[in-house]
S.K.: 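Got a structure here, written out as structure tokens. Questions coming.
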Amino acid sequence: MTGSSAEEKSTEAGRDFIRDIVQADLAAGRHKEVVTRFPPEPNGYLHIGHAKSICLNFGVAQEFGGRCHLRFDDTNPVKEEQEFIDAIEADVRWLGFDWGTHLYHASDYFQQLYDWAEHLIRNGKAYVDDTPVEEMRAMRGTLTEAGRPSIYRSRSADENLDLFRRMRVGEFPNGARVLRAKIDLKNGNMNLRDPVLYRILHQAHPRTGTTWCIYPNYDFAHGQSDAIEHVTHSICTLEFEDHRPLYDWFLDNLPVPSRPRQYEFARLNITYTVLSKRFLTGLVQQGHVRGWDDPRMPTIAGLRRRGVPAAAIRDFVARIGLARANSVVDIGMLEFSIREHLNRSAERRMAVLRPLKVVIENYPEGQTEQFDVANHPDDPSLGTRKVTFAREIYVEQDDFMEDPPKKFFRLAPGKEVRLRNAYFVTCREVVKGQCGEVVELRCTYDPASRGGASPDGRKVQATLHWVSAAHAVPAEVRLYNPLFKRPDPGAEGDLAADLAPDSLDVLPAALAEPALAQAAPGTTFQFERLGYFAVDPDTRPGRLVFNRTVGLRDSWAKAQKG
RNA sequence: UGGGGCGUCGCCAAGUGGCAAGGCAUCGGAUUUUGAUUCCGACAUACGGAGGUUCGAAUCCUCCCGCCCCAACCA
């Protein structure tokens with residue numbers, strides 16, 4: 001990892017309230033070692049919001065010499081799948097974190113949790129309730145009205161035990177009964193109004209198979225799992241704040257081996273982006289995107305395929321900070337971190353997205369020559385490559401205007417520009433097609449400007465990228481725009497209505513310099529003057545496919561719009 | 001009208017009684033064979049509002065306003 005990234009600074013000085021708490025706890029001797037955990041539910045792919053949590057949990061453990069567990073919160077087999085488990089592990093690793101031997105699953109603790117449930121029952125703190133779902137919901141009351149007890153609330157411990165055991169062995173169908181904690185039906189906190197602990201689910205589990213037909217829910221599993229693993233700081237997002245009293249209630253009423261504490265932080269939101277697993281799942285299932293790893297997706301897999309370096313994600317997370325206030329981060333922040341890393345690491349190449357043919361009339365027919373070109377302007381260690389020049393080349397359509405405005409520096413009739421690393425050329429003639437469209441430029445070059453140097457000190461206003469017509473290799477280039485057409489998707493109530501129709505723009509006839517022909521999937525380059533592009537896994541021999549990770553900053557384009 | 005949180009520059013975010021960090025964005029300017037990068041400079045008399053305590057308040061107190069979360073046998 002290089003340089004002055006926010007990521008590194010954060011390990012030195014960057015404080016946040018979580019790290020303050022951990023440090024204070026360690027200093028006070030409350031724990032001899034900090035233990036955190038990242039607890040994904042394997043019901044979808046990880047997204048950049050999870051990356052914030054991953055960086056936090058693994059980061060804190062790393063910084064304070066503790067450890068971070070990867071624990072799957074796999075308590076709901078109707079939604080969870082092995083594919084997601086595998087993808088999550090791969091994504092966390094790719095992000096650069098290592099849980100060592102500390103891979104756990106809530107399902108590892110099913111027996112212990114079950115025993116603890118019986119413990120509550122024996123102590124009169126849990127009961128089996130036969131009330132149908134609808135009715136139970138109604139009896140829980142509302143935000144302003146207290147709940148009412150079910151007629152089953154006063155069952156004896158023995159009867160509850162008997163019923164619960166029969167639930168376990170599969171005597172009852174789904175939904176017939178649940179196990180509930182007996183807490184306080186009048187509490188202002190809905191989570192304390194006798195929450196459900198176990199439900200009957202005749203459903204095979206990815207890990208425990210058909211061993212169980214009753215499953216604990218989140219509240220009954222999470223805190224106890226933390227306690228079993230001796231997690232010291234259980235960090236989650238704000239919406240779980242109301243669950244903390246319940247989290248603590250279980251720890252208070254069960255013979256758990258340790259006493260973890262829950263802390264909450266504000267989840268990540270990004271403009272033009274939706275970070276809701278439920279919605280992302282819908283995009284995939286309804287075919288709005290090509291899959292979980294579609295480069296338009298804010299998933300870790302999508303960002304990776306798009307060409308975003310893991311270090312850029314970590315850097316982004318470090319830059320946005322951590323707090324308890326809800327906030328929406330400008331997508332530009334993410335783009336900044338991406339450019340920051342790619343600018344340093346990506347080798348430069350030339351590629352033309354929308355080719356416009358140029359014939360250099362005074363360049364001898366059949367002649368070619370090669371230039372040695374630096375792979376990186378600021379990093380000689382990245383070496384050089386050969387770039388072939390010839391009489392017929394292609395430039396970018398955007399780099400020519402027949403009738404340019406005052407500040408347009410690029411090619412225009414009679415104008416001279418530099419071809420990057422090659423020669424100065426002057427546009428002499430514009431060749432048009434049937435409909436008056438520009439199909440070709442006839443130019444002349446100045447042999448004295450070889451290599452792009454100014455022969456007599458004269459200036460050109462622009463330097464253009466180009467490829468040799470005879471040597472370039474064809475490529476498909478995929479440009480991505482935000483998935484949503486407004487910065488606050490869903491603000492009007494309908495997320496789907498805010499989906500942008502033009503989030504994918506495929507350019508099938510791009511041309512890349514030959515040095516790109518063998519580029520391996522996953523590699524990222526800067527196409528000079530255009531942006532950063534990653535080789536897509538769809539690439540096959542003879543068929544290059546690139547994803548635009550992010551464009552270069554473009555003050556010209558900005559001025560045009562303004 | 002219940003419970004739990006949160007409000008500091010356009011966007012993140014430090015600050016926890018002593019005279020408002022930093023980053024992104026933006027706007028100038030320098031350098032430049034990428035209108036990129038880099039570099040320099042500008043950018044909150046002001047901390048949701050109103051009172052109060054204090055020599056002194058974003059930081060303490062009171063009231064008010066606004067926003068978010070909670071009524072799954074999801075997590």
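Chain letters run A, B, ... following the sequence lines, proteins first, then strands; residues in each count from 1.
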S.K.: With sequence neighbours excluded, tell me which residues meet side-chain hydrogen bond (donor to acceptor under 3.5 Å, both in side chains) with A:Y215.
M.R.: none
S.K.: If only side-chain N and O atoms of A:R529 are considered, is one of them under 4.0 Å from the OP1 or OP2 phosphate oxygen of B:G35?
M.R.: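 So the side chain of A:R529 is within the cut-off, an N or O lying under 4.0 Å from OP1 or OP2 of B:G35.
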S.K.: Taking pairing as Watson-Crick or G-U wobble with both contacts under 3.5 Å, can you name the mate of B:A46, or confirm there isn't one?
M.R.: none
S.K.: Check ring-ring contact (aromatic ring centres under 6.0 Å, His included) between A:F220 and all other residues, then give those that pass, not counting sequence neighbours.
M.R.: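 Listed in chain order: A:Y198, A:F250.
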S.K.: Does the gap between the ring centers of A:H222 and A:F240 come in under 6.0 Å?
M.R.: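 Centroid distance A:H222-A:F240: not below 6.0 Å, so no.
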S.K.: Output every pair passing salt bridge (charged side-chain N to carboxylate O under 4.0 Å, His left out) with a member in residues 138-153 of chain A, not counting sequence neighbours, ordered by first then second residue.
M.R.: A:R153-A:D194
S.K.: With 3.5 Å as the limit, what N/O pairs link the protein to nucleotides 26-31 of chain B?
M.R.:
| residue | atom | partner | partner atom | Å |
| --- | --- | --- | --- | --- |
| B:U26 | OP1 | A:K558 | NZ | 2.3 |

S.K.: For A:N421, report the nucleic acid contact type (base, sugar-phosphate, nothing); a contact means any heavy atom under 4.0 Å.
M.R.: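 The residue A:N421 makes base contact.
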S.K.: Across the strands shown, which category fits A:R348 at heavy-atom distances under 4.0 angstrom: base, sugar-phosphate, nothing?
M.R.: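 Base contact.
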S.K.: Side chain of A:A325, heavy atoms from C-beta onward: which of B:G35, B:C6, B:C12 has the nearest atom to it?
M.R.: B:C6
S.K.: Which residues pass the ring-ring contact (aromatic ring centres under 6.0 Å, His included) test with A:Y127, sequence neighbours left out?
M.R.: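 If we apply the ring-ring contact (aromatic ring centres under 6.0 Å, His included) test to A:Y127, skipping adjacent residues, there are no hits.
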S.K.: Let's test this: given Watson-Crick or G-U wobble pairing with both distances under 3.5 Å, identify the partner of B:G2.
M.R.: B:C70
S.K.: Which part of the nucleic acid, if any, lies within reach of A:A453 when heavy atoms closer than 4.0 Å are counted: base, sugar-phosphate only, or nothing?
M.R.: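 Base contact.
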S.K.: Spell out protein contact along nucleotides 67-74 of chain B as letters: B when the base is contacted, S when just the sugar-phosphate is, - when no protein heavy atom is under 4.0 Å; keep the 5' to 3' order.
M.R.: -SBBBSBB
S.K.: Report which part of the nucleic acid A:P39 touches: base, sugar-phosphate, or nothing (heavy-atom distance under 4.0 Å, all strands).
M.R.: nothing
S.K.: A:N174: which residues meet the side-chain hydrogen bond (donor to acceptor under 3.5 Å, both in side chains) condition with it, sequence neighbours left out?
M.R.: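 For A:N174, no residue satisfies side-chain hydrogen bond (donor to acceptor under 3.5 Å, both in side chains) once neighbours in sequence are set aside.
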S.K.: Should the side chain of A:R410 and the base of B:G35 be counted as holding a donor-acceptor pair, with the cut-off at 3.5 Å?
M.R.: yes
S.K.: Base, sugar-phosphate alone, or nothing: which one does A:V328 contact when heavy atoms must sit under 4.0 Å apart?
M.R.: sugar-phosphate
S.K.: Please determine, for B:G41, whether a Watson-Crick or G-U wobble partner exists with both distances under 3.5 Å, and give it or none.
M.R.: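 By the stated definition (distances under 3.5 Å), B:C27 pairs with B:G41.
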S.K.: Return the orientation label for the A:W292 and A:Y45 ring planes: parallel under 30°, perpendicular over 60°, tilted otherwise.
M.R.: parallel
S.K.: Listed by chain and number, what are the salt bridge (Lys or Arg N to Asp or Glu O under 4.0 Å) partners of A:R71, not counting sequence neighbours?
M.R.: A:D226, A:E229
S.K.: When the C1' atoms of B:A44 and B:C9 are compared, how many Å lie between them, rounded to an integer?
M.R.: 5 Å
S.K.: Taking syn as any angle within 90 degrees of 0 and anti as the rest, which one fits B:A30?
M.R.: anti
S.K.: Sequence neighbours left out, what passes salt bridge (Lys or Arg N to Asp or Glu O under 4.0 Å) with A:D74? Give chain and number order.
M.R.: none
